[in-house]
Amino acid sequence: MELKQSAQLFERAKKSLVGGVNSPVRAFNSVGGNPLFIEKGEGVHIYDVDGNEYIDLIGSYGPLILGHAHPSALEAVKNAADKSFTYGASTVGEVELAELVKVAFPQMDKVRFVNSGTEAVISAIRLTRAFTGKNKIIKFAGCYHGHSDALLVAAGSGLATLNIPGSQGVPQAAVQDTLIAEFNDLNSVKKLIETFPDEIAGVFIEPVAGNMGVVVPEQDFMKGLREITKANGILLVIDEVMTGFRKKFGGAQDYFGIQGDITCLGKVIGGGMPVGAYGARAEIMDMVSPLGGVYQAGTLSGNPIAMACGLATLKELQKQDYDRADQMGKAIKDCLEQEAAKAGVDIQVNQFGLMVNPFFTNQKVVDFDSAKTSDTELFSKFFWAMAEAGLYIPPSQFEAWFLPIILTEEELEVVKNRIAKAFQSIK
Ligand SMILES: *Cc1c(COP(=O)(O)O)cnc(C)c1O
């Protein structure tokens, strides 16, 4: 595989961009080599600047569930852009998108659009504190909720120790009210509630973790979490930035049969444009300005082009067959397991609908500690073998793969053949 142009561009990028990138997951630090520079996308395919073709299993880390430049989304974006880029005023698009989000998430009476998942969660933290009059929040080791100070603790593959900031520049004071529980371990939550009675404002969780690799909650974990938060007057904040519209039209909450108090969205909701959102029942959302005293604002929030893209994406998703999508996820999981076995490689594949993640370990992966048993050196080899075979997967063991829902049966066969080829070359 020829990567000369990418390598040259990366050298140039490093002189003007930090580490040559604008988000650290895009650097190839954990797999070695240079990041690929992408020229264009077309459906499920992307092409790098050296002309190599790949089937894209990253989907821009989540938003591109319809693949690249889906015709409906593209047309909506063009039509919106023809009128203007932004007004800083109300438009019908934001009302329509809010209405459609409420169809998918009936637990929301009201929605506030922001520009990223990070912003949605930051706003949700503020809201839990205002609503409950308490300060402490609980998050789970290995879960990522964006890069806000208070939640940059044990946030995925970085650090995992109680109350130690996961980044330089985060003062101790910013995380002193952040408590860490273990994913899939209700007792760890109960213990924190017992230790800090009447001090906890909210529990924040990814209903299916995707930022320590994919980790699906065990039977009744989410239900148990719903019960103990409710019983203790704690708001349950479900961060569906990754899981929203992924397993069904709606969220993981619908799938698990629970309703959080506040829901955060991002990624798919913008269809590739920068959109985040948070929403809840009226009693909670009416605390947000201009109705209430919780201040939160944004120059480009509800941007008309972004709203148009999100709206077209969600309308398209309403027509999609999510059962077929799940079968596709399962087919990839089966293929990974079979080909790994043939190559004599230990593997555990976690899958939730269109989210898939192989871990190179013989242990069941149920939380951050078990995720970390994966052989990351082997993953690096696998990553490059996959690229060589024409499959673009995240350059990190701890990032989920996102399958495009528009993948056809023929394209699925191509993916399977390429996976087989990759395993053959690393055995
Ligand atoms: C990606 C992600 C975020 C952050 O969203 P950004 O748009 O990158 O700020 C928050 N929570 C979860 C679960 C995510 O996957």
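Each ligand, and each atom within it, is numbered from 1 in the order the structure gives.
Sequence neighbours left out, the pairs with a member in residues 226-249 that pass ring-ring contact (aromatic ring centres under 6.0 Å, His included) are F105-F245, F245-F249. Residue pairs that meet the ring-ring contact (aromatic ring centres under 6.0 Å, His included) test with at least one member in residues 61-80, sequence neighbours left out, do not exist here.
Residues satisfying the side chain to side chain donor-acceptor pair (under 3.5 Å) test with Q107, not counting sequence neighbours, are Q253.
Using a cut-off of 4.0 Å between Lys/Arg side-chain N and Asp/Glu carboxylate O, E194 and K190 are scored as not salt-bridged.
In this structure, a donor-acceptor pair under 3.5 Å is present between the side chains of E240 and T243.
Protein residues are said to neighbour a ligand when one of their heavy atoms lies under 4.0 Å from it; for ligand 1 these are S116, G117, T118, Y144, H145, G146, E206, N211, D239, V241, M242, K267.
A ring-centre distance under 6.0 Å is found for F221 and F183.
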